[in-house]
Asks: 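After the structure tokens below, expect a handful of questions from me.
Heavy-atom basis, side chains included; hydrogens, waters and symmetry copies ignored. Computed from a predicted model, the values in this text were never measured in an experiment.
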Amino acid sequence: MQFAACRPVLVCGAEFGAIDMPSVLGGHVLPLLSFSSVPVIADSRRTRWTFLVGIAPPQPGPVRADPNLAEYGVVQRARGQRVLLPVSNSGTGSQWANEPAPGGGTPQASSVLASAARVIASMAALR
């Protein structure tokens, strides 16, 4: 955690990260996660959500991302990228789409990505 212009900033790294996706998709992903207070930030226009996630230690062997994720706008932020955290849910700017609770924890990035892939697959099946 850092501060930039008196605002808290999460720097993606070895323990915590962020996954961005369209808010419409995020609204379907959120209920699939086992955490009751998954921290999710909505951008100022409420069109994109950023899920704050835990990062698991690297696994041996290649990691294969679902090719549909990028096509649907799901992006895991790279190490070192910064996420500006909301300071309140009033006024303009980013706000909590789902506010974290003390001791609530964060889901692993792999859980959020897998849930997004399931939602995308079910949407594709309906076409």
Side-chain angles (χ1 to χ4, degrees):
M1 179 81 73
Q2 297 178 351
F3 284 90
C6 299
R7 300 267 320 259
V9 173
L10 174 75
V11 179
C12 297
E15 294 185 38
F16 294 101
I19 297 173
D20 299 322
M21 66 183 70
S23 58
V24 172
L25 177 59
H28 293 285
V29 169
L30 184 60
L32 298 177
L33 301 172
S34 60
F35 287 84
S36 60
S37 62
V38 176
V40 181
I41 301 167
D43 70 0
S44 60
R45 294 180 305 165
R46 312 296 179 259
T47 59
R48 294 204 56 79
W49 280 10
T50 300
F51 286 74
L52 302 183
V53 296
I55 302 296
Q59 300 297 317
V63 176
R64 296 180 193 241
D66 185 317
N68 289 327
L69 293 178
E71 181 181 325
Y72 282 84
V74 179
V75 177
Q76 185 169 358
R77 293 201 190 185
R79 182 177 250 177
Q81 285 190 309
R82 298 166 16 140
V83 179
L84 192 61
L85 302 176
V87 290
S88 75
N89 268 355
S90 60
T92 60
S94 64
Q95 294 183 1
W96 291 110
N98 199 56
E99 195 166 350
T106 56
Q108 290 295 310
S110 58
S111 296
V112 174
L113 294 171
S115 295
R118 280 197 304 275
V119 170
I120 291 167
S122 67
M123 289 171 27
L126 295 175
R127 289 183 188 186

Asks: Shortest non-hydrogen contact from Gly17 to Ile55?
Replies: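 Distance-wise, the nearest heavy atoms are N-CG1, 3.8 Å.
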Asks: Under the side-chain contact (heavy atoms from CB on, under 4.5 Å) criterion, do Leu30 and Phe51 qualify, and how do the steps go?
Replies: CA-CA 9 Å; Leu30 184 60; Phe51 286 74; 4.1 Å; yes
Asks: Restricting to non-hydrogen atoms, name the atom on Val38 and the atom on Asn98 that form the minimum distance, rounded to 0.1 Å.
Replies: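 Answer, listing the atom of Val38 first, then Asn98: O-ND2, 2.7 Å.
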Asks: About how many Å separate CZ of Arg48 and OG of Ser94, when rounded to the nearest 0.5 Å?
Replies: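 Here the interatomic distance stands at 14.0 Å.
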Asks: Please check if Val24 and Val29 belong to a single hydrophobic cluster, counting links between Ile, Leu, Val, Met, Phe, Trp and Tyr side chain heavy atoms closer than 4.5 Å.
Replies: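 Different clusters.
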Asks: Quick one: CG on Leu69 to CD on Gln76, what's the gap to the nearest 0.5 Å?
Replies: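 So the CG of Leu69 and the CD of Gln76 are separated by 10.0 Å.
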Asks: Salt bridge (Lys or Arg N to Asp or Glu O under 4.0 Å): which pairs involve residues 31-43, sequence neighbours left out?
Replies: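 Sorted pair list comes back empty.
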Asks: Quick check: is Phe16 connected to Trp96 through a chain of hydrophobic side chains (ILVMFWY, heavy atoms under 4.5 Å apart)?
Replies: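 Yes; Phe16 is reachable from Trp96 via cluster members.
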Asks: Testing the basics here: between Met21 and Ala116, what is the closest heavy-atom pair and its distance to 0.1 Å?
Replies: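 Where Met21 meets Ala116 most closely, the heavy atoms are CE-CB, 4.2 Å.
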Asks: Go through the structure and list residues passing side chain to side chain contact (heavy atoms under 4.5 Å, CB included) with Arg77, not counting sequence neighbours.
Replies: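 Expected list: Cys12, Ala18, Asp20, Thr50, Gln81, Val83.
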Asks: For Ser23, give me all partners under side-chain hydrogen bond (donor to acceptor under 3.5 Å, both in side chains), at least two apart in sequence or on another chain.
Replies: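 Per chain and number, Ser23 pairs via side-chain hydrogen bond (donor to acceptor under 3.5 Å, both in side chains) with no residue.
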Asks: List in chain and number order the residues that pass side chain to side chain contact (heavy atoms under 4.5 Å, CB included) with Ala42, two or more places apart in sequence or in another chain; answer none if no residue qualifies.
Replies: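 In terms of side chain to side chain contact (heavy atoms under 4.5 Å, CB included), with neighbours along the sequence ignored, Ala42 is linked to Arg46, Trp49, Ala97.
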Asks: Looking only at heavy atoms, which two atoms of Val53 and Thr106 are closest? And how far apart?
Replies: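 Minimum heavy-atom separation between Val53 and Thr106: C-OG1, 3.9 Å.
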Asks: Going by the salt bridge (Lys or Arg N to Asp or Glu O under 4.0 Å) test, which pairs reach into residues 21-40, not counting sequence neighbours?
Replies: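 As it turns out, there is no salt bridge (Lys or Arg N to Asp or Glu O under 4.0 Å) pair with a partner in residues 21-40 once direct neighbours are skipped.
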Asks: From the options Val40, Leu52, Leu113, select the one residue that forms a side chain to side chain contact (heavy atoms under 4.5 Å, CB included) with Ile19.
Replies: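 Answer to the side chain to side chain contact (heavy atoms under 4.5 Å, CB included) test with Ile19 among Val40, Leu52, Leu113: Leu113.
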Asks: I'd like to check the side chain to side chain contact (heavy atoms under 4.5 Å, CB included) partners of Arg118; sequence neighbours left out, ordered by chain and number.
Replies: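 Residues passing side chain to side chain contact (heavy atoms under 4.5 Å, CB included) with Arg118: Leu32, Ala114, Ser115.
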Asks: Please give me the minimum heavy-atom distance between Leu33 and Pro107, naming the atom from each residue.
Replies: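 It is CD1-CG, 4.3 Å.
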Asks: Tell me the closest heavy-atom pair linking Pro39 and Gly105, and the distance in Å.
Replies: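 Where Pro39 meets Gly105 most closely, the heavy atoms are CD-O, 3.9 Å.
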